[in-house]
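As structure tokens, the structure follows; a few thoughts come after it.
We count ligands from 1, going down the list as the structure has it; atoms in each ligand are counted the same way.
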Amino acid sequence: MILAIDIGGTKIAAANVINGECQDRRQLPMPATEAAFLQAIQELASDRPQPTGVAIAVTGYVDGCAVRAVNPQTIPFWDAYPLIPRLTQLLGCSVVAINDAQAAAWGEYCLRHQQCQDLLFITLSTGVGGGLVLGGSLREGTHGLAGHVGHAAVDVAPIDAPYACGCGRMGCLEAVASGTALARQAGHHFGHSLSSTELFDMARLGDHDALQLVQRAARAVASAIASSHAQLDLELVVLGGSVGLAPGMLDWVQAALAEFPQVYQLPIERALLGADSGLVGAAAWLEQKVKSE
Ligand code: ADP
Ligand code: BMX
Ligand code: ZN
């Protein structure tokens, strides 16, 4: 049994993963301080059978023993945070970590490896993450940064432009299409605070302006998909994260991509593992790592 933990900008999930299935899945909000974070991990990991290993899927890129933020606004104490030594000490067990979207890409790939070798997973969540499987191999990159499609520039500006992404660039997909960006733009447009969930509810109920906002985000996602496809010649894109899984989003992204020239067309599917792609993927990645050692 592998204990898998998925640490995102909004929530931490943990589960015992056995043969690709999550058991005893628990979830807590991601706290803003290190002390509260370690307490949350302790709580999520307690009262479980002794795992053979701990696999962490984490927001940010994993460079050696530390996790680094591309967007330091995601979590206050996260940039160059020594995640692996801290959790090894806390859990008393060997710990490995990988970027959350890379883990999810691997989880979704493992379910499709007979049909597909080149896949891009995109999570639309607190931020926008990405993971690449090319030629059947998960690409982590030299610094753990591979696949960060949320920080690719797109030709759709946020409605409150000019707005710099938390990574410091102008024009990033994450600044238009993440849950954080949708809530920010909704607040700007409607003049009061609105969550991404509320915005989607309004869009589905037929509110014209809410629909325009989420469709604008979907166009930005399609633009990033077309650029990735032009560079990598992909077979499939898989969409996940709470915003990516929100009813309507996949259809809007598919419809936006259908407006592009033929050369940019490729299938986009919903994550088969839903909110568990990162957990199952991190566990599968650890199992593969152990086998190849
Ligand atoms: P994390 O980023 O921690 O992995 P999620 O994938 O749940 O977590 O993404 C969190 C973001 O998704 C938040 O911005 C939240 O407001 C938004 N969100 C959560 N549920 C929904 C929903 N049903 N519809 C639209 N947005 C949602
Ligand atoms: C950000 C970046 C990515 C991550 C993505 C989605 C940080 C801390 N995170 O672009 O590494 O994959 O968000 O992560 O720079 P989530 O927080 O939305 O789950
Ligand atoms: Zn950025």
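Under a 4.0 Å criterion applied to the non-hydrogen atoms of V70, ligand 2 contributes the atoms 7 (C), 15 (O). Of all the atoms in ligand 2, the ones that sit under 4.0 Å from a non-hydrogen atom of H151 are 1 (C), 10 (O). Of all the atoms in ligand 1, the ones that sit under 4.0 Å from a non-hydrogen atom of V243 are 12 (O), 17 (C), 26 (N). The atoms of ligand 2 that sit less than 4.0 Å from any heavy atom of T126 are 17 (O), 18 (O). Heavy-atom proximity to T74, at under 4.0 Å, picks out these atoms of ligand 2: 7 (C), 8 (C). Contact atoms of ligand 1 toward T180: 14 (O) (distance under 4.0 Å to a heavy atom of the residue). Ligand-side atoms of ligand 2 in range of H148: 3 (C), 11 (O), range being under 4.0 angstrom from any heavy atom.
Between G127 and ligand 2, at least one pair of N/O atoms sits closer than 3.5 Å. Of the N or O atoms in G9, one or more lie within a sub-3.5 Å distance of an N or O in ligand 2. Polar contact with ligand 1: present for T126 (N/O pair, distance under 3.5 Å). No N or O atom of W78 sits closer than 3.5 Å to an N or O atom of ligand 2.
Proximity of R68 to ligand 2 is not established, as no heavy-atom distance is less than 4.0 Å. Residue K11 places a heavy atom under 4.0 Å from ligand 1. Using a 4.0 Å heavy-atom cutoff, G9 is listed among the residues neighbouring ligand 1.
Remark: atom 15 (C) of ligand 1 lies closer than 4.0 Å to no protein heavy atom.
Using a 4.5 Å heavy-atom threshold, the side chains of I7 and I41 count as touching. Two residues are said to be in side-chain contact when any heavy atoms from C-beta on lie closer than 4.5 Å; V62 and L83 fail this criterion. Residues F200 and V243 form a side-chain contact, since some pair of their non-hydrogen atoms from C-beta on lies under 4.5 Å apart.
Note: F77 and F37 have tilted aromatic rings, judged against thresholds of 30 and 60 degrees for the angle between ring planes.
Protein heavy atom in closest approach to atom 24 (N) of ligand 1: A246 CB, 3.5 Å. Ranking the protein heavy atoms by distance from atom 22 (C) of ligand 1 puts T197 OG1, 3.6 Å first. The nearest protein atom to atom 10 (O) of ligand 2, hydrogens excluded, is given as E174 OE1, 2.5 Å; this is a heavy-atom distance. Of all protein heavy atoms, the one closest to atom 7 (O) of ligand 1 is S242 OG, 2.5 Å. Atom 19 (O) of ligand 2 has D100 OD2, 2.8 Å as its closest protein atom, hydrogens excluded (heavy atom only). For atom 25 (C) of ligand 1, the nearest non-hydrogen atom of the protein is S196 OG, 3.3 Å. The nearest heavy-atom contact from the protein to atom 13 (C) of ligand 1 is T10 OG1, 4.0 Å.
The proximity of T10 to ligand 2, defined as any non-hydrogen pair under 4.0 Å, does not occur for either the backbone or the side chain.
In this structure, the side chain of D118 engages the main chain of G135 through a donor-acceptor pair within 3.5 Å. R26 places no side-chain N or O within donor-acceptor distance of the main-chain N or O of A14, the cut-off being under 3.5 Å. A donor-acceptor pair is defined here as one N or O able to donate and one able to accept, closer than 3.5 Å; no such pair exists between the side chain of Q102 and the backbone of Y61. The closest donor-acceptor contact from the side chain of R169 to the backbone of C165 lies at 3.5 Å or more, if one exists at all.
In this structure, R184 is positioned above the aromatic face of Y163, its NZ or CZ under 6.0 Å from the six-membered ring centre and within 45° of the axis.
With the Zn ion (ligand 3) as the vertex, SG (C165) and SG (C167) define an angle of 110°, rounded to 10°.
Per residue H151, closest N, O or S atom to the Zn ion (ligand 3): atom name ND1.
Crowding of Q265 atom CD: a count of heavy atoms from other residues, nucleotides or ligands under 6.0 Å exceeding 12. No more than 12 heavy atoms of other residues, nucleotides or ligands sit less than 6.0 Å from atom CD of Q89. By the neighbour-count criterion of 12 heavy atoms within 6.0 Å, atom OH of Y264 is sparsely surrounded, having that number or fewer from other residues, nucleotides or ligands. In Q23, the CD atom is crowded: over 12 heavy atoms of neighbouring residues, nucleotides or ligands sit closer than 6.0 Å. Within 6.0 Å of NE2 on H208 lie no more than 12 heavy atoms contributed by other residues, nucleotides or ligands.
Between G130, G60, G129, it is G129 that holds the heavy atom closest to atom 6 (C) of ligand 2. Between atom 8 (C) of ligand 2 and the options T59, D6, I122, the minimum heavy-atom separation is to T59.
Aromatic ring centroids of W285 and Y109 lie 6.0 Å or more apart.
Each of L138, V238, L120, L236 was compared with V133 under the side chain to side chain contact (heavy atoms under 4.5 Å, CB included) criterion, and only L138 meets it.
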